[in-house]
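Structure, as structure tokens:
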Amino acid sequence: MEQRHLGRTGLRVSRIGLGTLTWGRDVGEQDAAELLKAFWEAGGTLIDTADVYGGGDAEYLLGQLTERLAPRRDLVIATKAGSVPDPYRRFDGSRGHLLGALDASLERLGTDYVDLWQVHAFDCGTPLEETLQALDIAVSSGRARYAGISNFSGWQLAKAATWQLAAPGVRTRLASTQMEYSLLQRGVEREVLPAALDLGVGLLPSSPLGRGVLTGKYRHGMPADSRGASEGLSAFVAPYLDEAASRIVDAVSIAADGLAATPLQVALAWVRDRPGVVAPIVGARNAQQLAAALSVEALSLPDEICQALDDVSAPVHRYPDQDWSTL
């Protein structure tokens, strides 16, 4: 699998990442083992998790499987901290909480370090410089090799990245930002992506298949074994089952027919090769789904197909977004 630099750093990762959101919950040990082995054998390196996935079980499961199935040195393990199960405070970006969460993650993962440590979301109740200092401490102490953020808006990303760049050699530059990005969700193109490109921060798209909708599985009904039909994830899928999304899915399917490909391959290739994107994170639940995602490695979309998909899924950009001066 092709490798790409993560932002403006020396770290290289596979251009498809493996997500573990459902590990320890919907994905058990046997399926997780098959996923990890198949991913590594295909040349995949980037594995994304978080301290809250499965209540910590995703990290624990990954730690149990690492070395047994794939050498630790061959993997780029990325985890996150900052989300908390508190109805009054969803995110805790305080230095104390983040560093404590990192130590707990390392214990569950059974490793001395993570390759990429990410702040899961912006915490408006904590000074940003305090949150970012936790990243500096993690890297300087060797507990993390690189640092990133997740779910920061455009101004939040720009402020954080600029703050880190203001003291080179002292503060850790941000390597990445993880955000939802697909043909069904192009909101990051308004301000997040331009800021990331300007500041050398690589984009790791989550839900690159529009929460599974872009595979076309919901075109003719609700599959009984799908996330859309599950009690825990139906609300997650529902926003992308409207008429606007249906038009985009139809266009993806038409493009796939013309290329003798699958809708999954077309949708994933589109987001993988967008400017600023480093590696879409795919959340396969079994080896069959992962094989379908990894098959995109050999596909590059023709320019005219990309343009057609851009047109049918184009978000509305108005004042004061970029290019507003022509309005």
Intermediate values then yes/no, side-chain hydrogen bond (donor to acceptor under 3.5 Å, both in side chains), Glu180 and Asn151:
CA-CA 8 Å; Glu180 184 170 354; Asn151 298 309; over 6 Å; no

Quick one, Asp74 with Lys37, criterion salt bridge (charged side-chain N to carboxylate O under 4.0 Å, His left out). Give me CA distance, side-chain angles, the key distance, then yes/no.
CA-CA 12 Å; Asp74 289 353; Lys37 188 171 186 294; over 6 Å; no

List the steps, then state whether side chain to side chain contact (heavy atoms under 4.5 Å, CB included) holds for Leu116 with Thr79.
CA-CA 7 Å; Leu116 176 65; Thr79 193; over 6 Å; no

For a side chain to side chain contact (heavy atoms under 4.5 Å, CB included) check, start with the C-alpha distance between Leu132 and Arg171, then their side-chain angles and the critical distance, and finish with the verdict.
CA-CA 8 Å; Leu132 295 173; Arg171 298 176 190 155; over 6 Å; no

Please evaluate residues Leu109 and Thr66 with respect to the criterion side chain to side chain contact (heavy atoms under 4.5 Å, CB included), reporting the C-alpha separation (whole Å), side-chain torsions for both, the decisive distance (0.1 Å), and the verdict.
CA-CA 8 Å; Leu109 289 164; Thr66 303; over 6 Å; no

Determine, step by step, whether Cys306 and Leu301 satisfy the side chain to side chain contact (heavy atoms under 4.5 Å, CB included) criterion, reporting the C-alpha distance in whole Å, the side-chain angles of both residues, the deciding distance to 0.1 Å, and the verdict.
CA-CA 6 Å; Cys306 288; Leu301 299 181; 3.5 Å; yes

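Both Leu174 and Tyr181 belong to a common hydrophobic cluster when Ile, Leu, Val, Met, Phe, Trp and Tyr are linked at side-chain heavy-atom distances under 4.5 angstrom. A continuous path of Ile, Leu, Val, Met, Phe, Trp and Tyr side chains, each step under 4.5 Å between heavy atoms, connects Val114 with Leu98, placing both in one hydrophobic cluster. Clustering ILVMFWY residues whenever any of their side-chain heavy atoms sit less than 4.5 angstrom apart, transitively, puts Tyr218 in the very cluster that holds Leu209. Under the 4.5 Å side-chain heavy-atom criterion for ILVMFWY residues, no single connected hydrophobic cluster contains both Leu204 and Phe122. Residues Phe39 and Leu268 fall within the same hydrophobic cluster, defined by Ile, Leu, Val, Met, Phe, Trp and Tyr side chains chained together at heavy-atom separations under 4.5 Å.
In this structure, the separation between CD1 on Ile305 and OG on Ser300 is 13.0 Å, given to the nearest 0.5 Å. Rounded to the nearest 0.5 angstrom, Asp26 CG and Leu21 CG are separated by 8.5 Å. Residue Leu193 holds its CG atom at 10.5 Å from CZ of Arg186, rounded to the nearest 0.5 Å. To the nearest 0.5 Å, the span separating CG on Leu46 from CD on Gln3 amounts to 9.5 Å. Residue Leu69 holds its CG atom at 10.0 Å from CG of Leu75, rounded to the nearest 0.5 Å. To the nearest 0.5 Å, atoms CD (Glu107) and CG (Asp112) are separated by 12.0 Å.
Counting only distance, with no hydrogens or angles, the side chain of Lys80 and the backbone of Thr49 share a donor-acceptor pair below 3.5 Å. Arg211 places a side-chain N or O within donor-acceptor distance of the main-chain N or O of Phe236, the cut-off being under 3.5 Å. Under the 3.5 Å distance criterion, the side-chain polar atoms of Arg173 are left unmatched by any main-chain donor or acceptor of Thr9. No donor-acceptor pair under 3.5 Å is formed between the side chain of Arg274 and the backbone N or O of Ala269. Although no hydrogens or angles enter the test, the distance criterion places no donor-acceptor pair under 3.5 Å between the side chain of Glu59 and the main chain of Gly56. A donor-acceptor contact shorter than 3.5 Å links the side chain of Glu297 to the backbone of Glu2. Counting only distance, with no hydrogens or angles, the side chain of Ser14 and the backbone of Thr45 share a donor-acceptor pair below 3.5 Å. Of the possible donor and acceptor atoms, one in the side chain of Gln185 sits under 3.5 Å from a partner among the backbone N and O of Gly187. Checking side-chain atoms of Asp92 against main-chain N and O of Gly82 turns up no donor-acceptor pair under 3.5 Å. Between the Arg272 side chain and the Ala279 main chain, no donor and acceptor come within less than 3.5 Å of each other.
Glu304 CD: more than 12 foreign heavy atoms inside a 6.0 Å radius. More than 12 heavy atoms of other shown residues, nucleotides or ligands fall within 6.0 angstrom of atom CG in Asp311. Within a 6.0 Å radius of CZ in Arg90, no more than 12 heavy atoms belonging to other residues, nucleotides or ligands are found. Within 6.0 Å of CG in Asp86 there are more than 12 heavy atoms belonging to other residues, nucleotides or ligands. Within 6.0 Å of CD on Glu41 lie more than 12 heavy atoms contributed by other residues, nucleotides or ligands.
Between Arg219 and Ser253 there is a side-chain heavy-atom pair separated by less than 4.5 Å. Using a 4.5 Å heavy-atom cutoff, the side chains of Met179 and Ser206 are not in contact. Ile281 is not listed as a side-chain neighbour of Pro205, based on a closest heavy-atom distance of 4.5 Å or more. Met1 has its side chain within reach of Ile16: a pair of non-hydrogen atoms, C-beta onward, lies under 4.5 Å apart. When side chains are defined from C-beta on, Leu214 does not count as touching Leu264, because their heavy atoms never get closer than 4.5 Å. Leu62 places a side-chain heavy atom less than 4.5 Å from the side chain of Ile47. Looking at heavy atoms from C-beta onward, Tyr240 lies out of side-chain contact with Ile248 at the 4.5 angstrom threshold. Contact check for Leu183 versus Trp270: side-chain heavy atoms found under the 4.5 Å cut-off.
Here Arg4 pairs with Asp273 in a salt bridge; the nearest charged N to carboxylate O distance falls below 4.0 Å.
In terms of heavy-atom proximity, Leu294 sits nearest to Ala38 at CD1-O, 4.3 Å. In this structure, Pro208 and Val282 approach most closely via the heavy-atom pair CG-CG1, 4.3 Å. Here the closest non-hydrogen pair linking Leu157 and Ala196 is CD2-N, 4.0 Å. The two residues Asp123 and Ser94 make their nearest non-hydrogen contact at OD2-N, 4.2 Å. Contact detail for Val312 and Ala251: the closest heavy-atom pair is CG1-CB, 3.8 Å.
Judged purely by distance below 3.5 Å, without hydrogens or angles, the side chains of Ser295 and Gln265 pair a donor atom with an acceptor atom. Between the side chains of Arg285 and Thr22, no donor N or O sits under 3.5 Å from an acceptor N or O. Side-chain contact annotation: Thr131 with Arg95, donor-acceptor N/O pair under 3.5 Å absent. No side-chain donor from either of Tyr53 and Arg25 sits under 3.5 Å from a side-chain acceptor of the other. For the residue pair Ser153 / Gln156, a side-chain donor-acceptor distance below 3.5 Å is found, with atom types taken as modelled. Judged by distance alone, the side chains of Trp23 and Asp57 never bring a donor and an acceptor atom under 3.5 Å apart. Defined by atom type and a distance below 3.5 Å, a donor-acceptor pair is present between the side-chain atoms of Asp48 and Gln118. Of the N and O atoms on the side chains of His120 and Ser83, at least one donor lies less than 3.5 Å from an acceptor on the other residue.
By the 6.0 Å and 45° rule, Arg145 stacks over the aromatic ring of Tyr113. For the pair Arg143 and Trp117, the cation-pi test (distance below 6.0 Å, angle within 45°) is failed. Both the sub-6.0 Å distance and the 45° axial angle are not jointly satisfied by Arg108 relative to the ring of Tyr60.
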